[in-house]
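For reference, the structure discussed in these notes is given below.
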Amino acid sequence: MDLAAIFAVEILYALASLVVISSGLAVVFGMMRVINLAHGEFMMVGGYATIVAVKSGINIYIAMLIVAPIVVGVLGVIVERLIIRRLYGRLVDTMLATWGLSLLLIGLASMIFGNTTTGISPPIPGFAIGRYQVNGYSFFIILAAVAILVAMFAVLAGTRAGLVARGAMQNPAMASALGYNPERVYMLTFFAGSALAGLAGGLFAPLLGLVPTIGSAYIAKAFITVISGGASVIAGLVSSAVLFGATSQIFTLATTPMVGEIALLLIAVVLLRLLPQGITSRFFRGAM
């Protein structure tokens, strides 16, 4: 029974991690069709913002949940105004520009913080389940993932801003005719996606030793999760996170973490071969 509880917690944590890591990219790519190859570096900036804030005396929860999203959200607005807004509809150019941005952010972080590993301690201690030790902070990540999904659904489905954002992405000319400024909607949407990336970086800062190149550990999983989910932002994110998170963690617990990563990639290849438009192209149609 104790071992089954541990397995359940680890699998839920794996699902939650994919949701947290991919939520910002789901907004930026899923809604705006912008391929942001600097998504991992946005998370890295959120992690460093959290660490700097904590070491400056700010409460760790305020640093993770407020400071990191605001810092990266503002960074996202600057990037959108200076670079992204000139490249909408030009996927290759956007990829090249954001790839260059990722290299720039890595270089700046290396100059400021160096190449040494830095981090902070998790604010929630571990505890025992029977004979096994559980990381208490894993439950906080699970709760954070649920809160992110609820907030995304509430905004997109239950607010005028969410309706305007979805409408502007689908038909900017009609949104403009109704009196809304599509450019402002794009900017605010990119801010939201960037803020979610910063939140993810802040949440994972206590778990991982932070280095300037850590973004590469996030970007592949985030893109695989979002692309495999398909056009529906929330339904696609949840369905792909459940599939990949459960598969990876089951193989990790049964064998090794390396085998778990390989299993995730293999299931992604098979899924995209069978469903090139993603899970929600066949299942959960019409879901948000």
Side-chain angles (χ1 to χ4, degrees), residues 9-10 12-28 38-79 105-106 108-129 133-155 159 161 188 190-215 217-218 222:
V9 171
E10 291 297 325
L12 285 175
Y13 171 73
L15 309 185
S17 297
L18 285 180
V19 169
V20 172
I21 290 170
S22 307
S23 57
L25 193 63
V27 171
V28 172
H39 176 76
E41 281 63 47
F42 279 21
M43 290 183 60
M44 176 266 291
V45 172
Y48 276 118
T50 300
I51 291 173
V52 170
V54 170
K55 291 184 177 180
S56 299
I58 297 175
N59 179 272
I60 187 171
Y61 292 105
I62 295 176
M64 291 188 299
L65 303 178
I66 298 177
V67 175
I70 290 177
V71 168
V72 182
V74 171
L75 173 64
V77 170
I78 295 172
V79 170
L105 292 174
I106 291 172
L108 290 174
S110 299
M111 290 175 56
I112 297 171
F113 300 102
N115 288 316
T116 57
T117 302
T118 184
I120 51 178
S121 300
I124 302 175
F127 60 92
I129 297 181
Q133 192 73 14
V134 178
N135 184 353
Y137 192 71
S138 298
F139 290 93
F140 184 73
I141 296 293
I142 294 171
L143 291 176
V146 173
I148 288 172
L149 291 174
V150 171
M152 288 175 64
F153 182 81
V155 171
T159 67
L188 293 176
F190 200 84
F191 168 83
S194 301
L196 285 172
L199 174 62
L203 289 172
F204 281 100
L207 290 176
L208 304 172
L210 208 60
V211 292
T213 57
I214 198 170
Y218 299 124

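Of the listed residues (Ile214, Leu207, Leu208), just one forms a side-chain contact (heavy atoms from CB on, under 4.5 Å) with Leu210, and that residue is Ile214.
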Practice task
Take Thr50 and Val67 through the side-chain contact (heavy atoms from CB on, under 4.5 Å) test and state the conclusion after the steps.
Solution key: CA-CA 7 Å; Thr50 300; Val67 175; over 6 Å; no
Exercise for the section: List the steps, then state whether side-chain contact (heavy atoms from CB on, under 4.5 Å) holds for Leu196 with Leu25. Expected result: CA-CA 8 Å; Leu196 285 172; Leu25 193 63; over 6 Å; no
Practice task
Go through Phe190 and Val28 one step at a time and tell me if the side-chain contact (heavy atoms from CB on, under 4.5 Å) criterion holds.
Solution key: CA-CA 6 Å; Phe190 200 84; Val28 172; 3.7 Å; yes
Exercise for the section: For Phe113 and Thr118, run side-chain contact (heavy atoms from CB on, under 4.5 Å): C-alpha distance rounded to whole Å, both residues' side-chain angles, the deciding distance at 0.1 Å, then the answer. Expected result: CA-CA 9 Å; Phe113 300 102; Thr118 184; 5.7 Å; no
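Residues Leu105 and Met44 approach most closely at O-CE, 3.8 Å, considering heavy atoms. Among all heavy-atom pairs drawn from Lys55 and Gly119, the shortest one is CE-O, 4.3 Å. Ala205 and Ile51 get closest at one heavy-atom pair: CB-CG1, 4.4 Å. A pairwise comparison of heavy atoms in Phe42 and Gly76 identifies CE2-CA, 4.2 Å as the closest pair. For Asn115 against Pro212, the heavy-atom pair with the smallest separation is OD1-CG, 4.1 Å. Considering every non-hydrogen atom in both Ser121 and Ile60, the closest pair reads O-CD1, 3.7 Å.
Taken to the nearest 0.5 Å, the CD1 atom of Ile58 stands 12.5 Å off from the CE atom of Met64. Rounded to the nearest 0.5 Å, atoms CG (Asn135) and CD1 (Ile141) are 9.0 Å apart. Atom CD1 of Ile66 is separated from atom CG of Leu199 by 10.5 Å, given to the nearest 0.5 angstrom.
Residues forming a ring pair (Phe, Tyr, Trp, His ring centres under 6.0 Å) with Tyr137 (at least two apart in sequence, or on another chain): Phe140.
Between the side chain of His39 and the main chain of Ser22, no donor-acceptor pair closer than 3.5 Å is present.
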